[in-house]
Student: 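Let me give you the structure first, and then I'll get to my questions.
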Amino acid sequence: MTIHNRPARLLLLTFAVMLGSHGAVAQDAASRYWGDSWRGWHFYEEPMPEELEHPLPPGKSTATAPPAHPSRAPELVEFERLQKTLEETRNIAIMRPSEANVRRYMVLESQVVARASYFADVAQRVAWATPQLDPTLQGRPVNAKALEVFDQAELVDRSRAIADLGKDHILFFFYRSDCPYCHAFAPTLAAFQARHGIQVVAISVDGGPLPNFPNARPDNGIATALKVSQVPAVFLAQPFTGKITPIGFGVLSESQLLERIATVTGPQAETMLPTTTQGLALPPEVP
């Protein structure tokens, strides 16, 4: 090829290069098409959704840190620390009872006991200076002289209450003539009737007499109805309502009778004590 044909050769070479690059591009496009043939002839891809910022409602601001809890009293922190240390020291001494471990626990325990004893002393002095907080002034006293006065006043109050109760209540006294405990208990009941003004109706389970109650009545089945399996037995009865409440079995003192009758007739007696309510006829009085 002559020099005059050199421009033509350059032009032909350039065209060939361009054609080759175009073929490569076309081949790449074709390969991508056949690889994505599942898309079809026409497809359109939705753009990736952008994260939208949701506006806050009016008056709302961005999230703030939770309010800090009020700081605890240092005494509580110290108490919990001491309690935990004592427990851990004790557990270590139990699991490995060496002399050093046991000694360490005993020393710490003695410190805790000393603190508790000091607290008890301070509490006692506060109670002495504050009558409303003194437990010895609430309820039954502990001083011997004060206890004597308290018991006497309580006896008077209960005796008055039982006298009022005796207006529509009676005491059933079940006995057997061969029962030595019944004979020992009969004088107490007779004195109780005379002193507090409530009638005692003696009922003989075996039909025999009793010196302190010459007008005792024979059992007409009332002992069986009340399930009296042991004598002596005392019941408080309200005849016109048929309400009968057990007071006790065996020999009782006068103070026990007063206390028990006051308890079974108290404000909460209905929920605390068993009762038998039924229309029961009294046994006929022995002439």
Side-chain angles (χ1 to χ4, degrees), residues 69-91 93-94 102-167 169 171 185 188-189 191-193 195-198 233-236 238 243 245-275:
H69 294 286
S71 58
R72 303 180 65 199
E75 293 82 1
L76 294 178
V77 176
E78 182 182 0
F79 176 81
E80 291 180 357
R81 181 187 59 78
L82 179 61
Q83 188 179 38
K84 182 179 180 181
T85 303
L86 180 65
E87 183 179 358
E88 292 177 348
T89 306
R90 181 194 61 194
N91 293 341
I94 292 174
V102 174
R103 184 185 303 276
R104 183 166 54 249
Y105 167 68
M106 292 180 66
V107 169
L108 186 58
E109 184 186 35
S110 66
Q111 295 175 2
V112 174
V113 171
R115 284 175 176 264
S117 177
Y118 182 72
F119 162 77
D121 291 342
V122 174
Q124 187 177 52
R125 294 173 187 176
V126 171
W128 291 345
T130 313
Q132 298 85 349
L133 301 178
D134 191 347
T136 63
L137 300 179
Q138 312 299 325
R140 193 176 184 85
V142 295
N143 178 271
K145 192 63 179 179
L147 184 59
E148 181 181 346
V149 175
F150 177 84
D151 288 341
Q152 186 63 33
E154 191 175 56
L155 177 63
V156 173
D157 292 340
R158 287 179 173 175
S159 179
R160 187 182 301 110
I162 290 178
D164 293 337
L165 197 68
K167 296 175 182 178
H169 287 71
L171 289 177
F185 185 36
T188 301
L189 274 177
F192 189 86
Q193 175 180 239
R195 183 175 294 113
H196 303 292
I198 186 170
V234 179
F235 289 77
L236 179 67
Q238 193 174 27
K243 181 178 179 181
T245 305
I247 297 300
F249 298 84
V251 179
L252 301 174
S253 65
E254 181 179 354
S255 61
Q256 286 178 310
L257 287 170
L258 285 171
E259 180 180 2
R260 296 186 182 193
I261 293 174
T263 300
V264 301
T265 57
Q268 298 181 350
E270 295 295 333
T271 59
M272 293 175 58
L273 297 170
T275 59

Student: Please check if the number of heavy atoms outside Phe150 that lie under 6.0 Å from its CZ is greater than 12.
Tutor: yes
Student: State, to 0.1 Å, how close Ile198 and His169 come at their nearest heavy-atom pair, and which atoms those are.
Tutor: CG1-O, 3.8 Å
Student: Mind checking whether Gln193 and Leu189 have side chains closer than 4.5 Å, heavy atoms only?
Tutor: no
Student: Given side chain to side chain contact (heavy atoms under 4.5 Å, CB included), test Phe192 with Val234 step by step and report yes or no.
Tutor: CA-CA 12 Å; Phe192 189 86; Val234 179; over 6 Å; no
Student: Show me the donor-acceptor pairs within less than 3.5 Å that the side chains of residues 247-258 make with the rest of the protein, sequence neighbours left out.
Tutor:
unit_1 : atom_1 : unit_2 : atom_2 : d
Ser253 : OG     : Ser255 : OG     : 3.1
Ser253 : OG     : Gln256 : N      : 3.3
Ser253 : OG     : Gln256 : OE1    : 3.4
Glu254 : OE1    : Arg195 : NH1    : 2.8
Glu254 : OE2    : Arg195 : NH1    : 3.0
Glu254 : OE2    : His196 : NE2    : 2.7
Gln256 : OE1    : Ser253 : N      : 2.9

Student: Can you tell if the side chain of Val122 reaches within under 4.5 Å of the side chain of Arg125, non-hydrogen atoms only?
Tutor: no
Student: Is any side-chain heavy atom of Lys167 closer than 4.5 Å to one of Asp164?
Tutor: yes
Student: When rounded to the nearest 0.5 angstrom, what is the spacing between CG in Leu171 and CD1 in Ile162?
Tutor: 8.0 Å
Student: Of Glu75, Glu109, Glu78, which meets salt bridge (charged side-chain N to carboxylate O under 4.0 Å, His left out) against Arg115?
Tutor: Glu78
Student: Distance-only criterion, 3.5 Å: show the donor-acceptor pairs between side-chain atoms of residues 128-135 and protein atoms not counting sequence neighbours.
Tutor:
unit_1 : atom_1 : unit_2 : atom_2 : d
Thr130 : OG1    : Val126 : O      : 3.0
Asp134 : OD1    : Thr136 : N      : 3.1
Asp134 : OD1    : Thr136 : OG1    : 2.7
Asp134 : OD2    : Thr136 : OG1    : 3.1

Student: Would you give me the side-chain donor-acceptor pairs under 3.5 Å for residues 82-90, sequence neighbours excluded?
Tutor:
unit_1 : atom_1 : unit_2 : atom_2 : d
Thr85  : OG1    : Arg81  : O      : 2.7
Thr89  : OG1    : Thr85  : O      : 2.6

